[in-house]
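Please read the structure below before turning to the comments.
Each ligand, and each atom within it, is numbered from 1 in the order the structure gives. Because the structure is a prediction, the values reported are computed rather than measured.
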Amino acid sequence: MKSKLPLVSLDIGSAKTTICIGNFDTAGRVEIYNAIMVKTRGMQRGIITNLSEVAEGIEEAVKKAEAKFQASERCRKIWGKRQFRINSAYVTISGEHILGINTKTKLSLSDRPVEITNQDSLRAIEMAKSLSASIDREILHADAQEFIIDGYKKIKEPLGIYGTKLGVTLHLISCGSSFINSLVKAVNQAGLDVDGVVYSGLATSQAILTEEEKEAGVILLEMGAGTTNIMFFVEGRLFYTSTIPMGGYDITLEIARQMKIDFYQAEQLKMQYKSICVYPDGQTEGCDDKIIIKKSSSQYESISRQELAGIIDAKVRELFSMLKKEIESSGIIPRVGYGVVICGGVSFMDGVIEKLERQLNLPIHLGITRGFVSSFSGLGNSFYATGIGLIMHALAEKGKKYKSRNLQRGVVAQLVSKVKNIYEEYF
Ligand SMILES: Nc1ncnc2c1ncn2[C@@H]1O[C@H](COP(=O)(O)OP(=O)(O)OP(=O)(O)O)[C@@H](O)[C@H]1O
Ligand SMILES: [Mg+2]
């Protein structure tokens with residue numbers, strides 16, 4: 001299905017906010033027309049800490065995206081001379097309040113075998129969702145893992161099969177209602193409507209993981225500034241989701257704390273010397289040079305690169321051992337066939353792959369963004385993965401809705417109308 005209006009994704013991370021613009025091209029491929037990145041304000045670890053700042057940040061990002069796209073050759077081709085305006089966007093949500101659970105339910109259809117319809121599958125899914133519903137949580141995504149017909153498991157598509165009982169196992173991702181309401185409010189305050197709210201990890205997985213990796217069993221580790229998203233797919237289905245409040249900022253905070261400097265100086269040091277900082281254990285080659293740090297307007301102090309490397313190394317170890325605990329306690333490791341794919345800002349630090357490989361004892365692969373075309377350069381690494389994945393996700397959802405338009409309203413559409421109602425009631 002092709003629609004004329006470009007879709008817009010808005011990913012408000014702890015460090016950066018991105019806006020991507022895209023749609024299907026004439027050959028039916030996902031095309032990213034343009035993308036911008038600005039610094040995030042008023043958000044920490046997926047939680048809004050200052051709503052006005054977030055809204056202002058979104059407005060600023062929207063203006064930048066509109067101007068950049070308007071000035072592009074691609075815009076002239078698609079949009080002609082018309083003024084390009086962003087009126088709505090798909091938005092990501094993340095944070096410790098994100099919860100992934102596996103649940104199942106069984107539906108009695110009839111005493112005699114009957115042909116299973118789409119309505120039956122949807123009824124089973126809705127029943128499982130309603131059993132997991134709670135007043136303070138919103139279900140963002142419901143991914144059917146398998147259907148069970150009269151005790152026979154591993155059925156991917158029950159449509160047309162005969163049975164008397166239909167069971168379904170689902171992976172549900174939910175978020176705290178107050179967090180989603182605040183997010184929608186901030187986006188609305190910036191003058192945009194919300195087309196859909198999508199868990200950031202799920203959006204990222206869409207642009208990073210291949211179907212083959214998801215079939216074989218793959219862990220996606222998205223290590224951002226304030227949050228780390230962990231997702232596990234096997235047999236093509238999602239089985240595990242969790243977000244833990246740790247990321248690159250924790251490394252920066254540790255540098256700032258130990259060196260008694262401010263956060264921004266610590267972030268600069270981390271970015272400038274990252275290439276020697278996370279070398280595999282014991283390797284300190286090239287770490288003897290002195291770094292001058294500014295303590296106050298007149299006070300300077302020198303430290304060795306080795307000292308800085310030591311601080312970063314210790315923090316990275318601590319973060320990775322937390323990750324290891326989380327992954328081990330989830331029980332997914334025996335089913336990992338492909339390995340772990342890493343992305344997010346922390347994955348750009350040198351030595352991360354070797355260090356994680358030793359901690360987790362699993363093959364580690366650096367994620368790249370794939371599955372789209374673009375004439376816009378700079379989308380090759382995973383910095384825009386979440387925004388690009390969100391466009392892909394939105395287009396896939398639209399396709400699904402189109403296929404079953406008389407049978408089902410998309411999860412995202414349901415969620416948004418619900419969010420809008422809640423929003424109108426309370427704000
Ligand atoms: N090239 C790099 N080398 C090392 N660290 C980097 C690099 N680029 C970014 N980072 C670090 O990665 C973090 C930013 O990652 P990312 O852009 O994925 O976060 P985010 O999406 O804004 O936040 P989150 O998803 O956690 O809410 C920062 O801590 C930054 O210092
Ligand atoms: Mg992010």
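- At under 3.5 Å, not a single nitrogen or oxygen of Phe383, backbone or side chain, sits near a nitrogen or oxygen of ligand 1.
- By the 4.0 Å heavy-atom criterion, Thr252 is excluded from the residues contacting ligand 1.
- Contact annotation: for Lys270 versus ligand 1, heavy atoms closer than 4.0 Å belong to the side chain alone.
- Side-chain atoms of Tyr249 and Glu254 include no donor-acceptor pair closer than 3.5 Å.
- Using a 4.0 Å cut-off to heavy atoms of Gly224, the atoms of ligand 1 that qualify are 15 (O), 16 (P), 18 (O), 19 (O), 26 (O).
- Asn102 and Gln145 are linked by a side-chain donor-acceptor pair at a separation below 3.5 angstrom, with hydrogens and angles left out of the test.
- Each of the atoms 28 (C), 30 (C), 31 (O) of ligand 1 lies under 4.0 Å from some heavy atom of Glu267.
- Each of the atoms 12 (O) of ligand 1 lies under 4.0 Å from some heavy atom of Val346.
- Proximity to Gly248 (heavy-atom distance under 4.0 Å) selects the following atoms of ligand 1: 29 (O).
- Residue contacts with ligand 1 include Gly226, since one or more of its heavy atoms lies under 4.0 Å from the ligand.
- Salt-bridge formation is detected for the pair Arg76/Glu73: a Lys NZ or Arg NE/NH1/NH2 atom is positioned less than 4.0 Å from an Asp or Glu carboxylate oxygen.
- When side chains are defined from C-beta on, Met43 does not count as touching Thr17, because their heavy atoms never get closer than 4.5 Å.
- Both the sub-6.0 Å distance and the 45° axial angle are satisfied by Arg335 relative to the ring of Phe239.
- Val198 places none of its side-chain heavy atoms less than 4.5 Å from the side chain of Val91.
- Results of the side chain to side chain donor-acceptor pair (under 3.5 Å) test with Glu222 over Thr243, Thr227, Thr386 single out Thr386 as the only residue that passes.
- For ligand 1, the atoms lying closer than 4.0 Å to a non-hydrogen atom of Met349 are 4 (C), 5 (N).
- Interface atoms of ligand 1 facing Met271, defined by a heavy-atom separation under 4.0 Å, are 2 (C), 5 (N), 6 (C), 7 (C), 8 (N), 9 (C), 10 (N), 31 (O).
- Defined by atom type and a distance below 3.5 Å, a donor-acceptor pair is missing between the side-chain atoms of Ser14 and Gln44.
- At least one N/O-N/O distance between Gly345 and ligand 1 falls below 3.5 Å.
- Note: Phe84 and Phe69 have perpendicular aromatic rings, judged against thresholds of 30 and 60 degrees for the angle between ring planes.
- Applying the 4.0 Å criterion to heavy atoms of Ala15 picks out, from ligand 1, the atoms 20 (P), 22 (O), 23 (O).
- Residue Glu222 does not touch ligand 1, judged by heavy-atom distances below 4.0 Å.
- Taking every heavy atom of Tyr249 and a limit of under 4.0 angstrom, the matching atoms of ligand 1 come to 29 (O).
- Here's the thing with Gly344: none of its N/O atoms is less than 3.5 angstrom from an N/O atom of ligand 1.
- Residue contacts with ligand 1, taken as heavy atom pairs separated by less than 4.0 Å, do not involve Arg45 at all.
- Proximity of Glu60 to Arg41: side-chain heavy atoms (C-beta onward) are separated by under 4.5 Å at one or more points.
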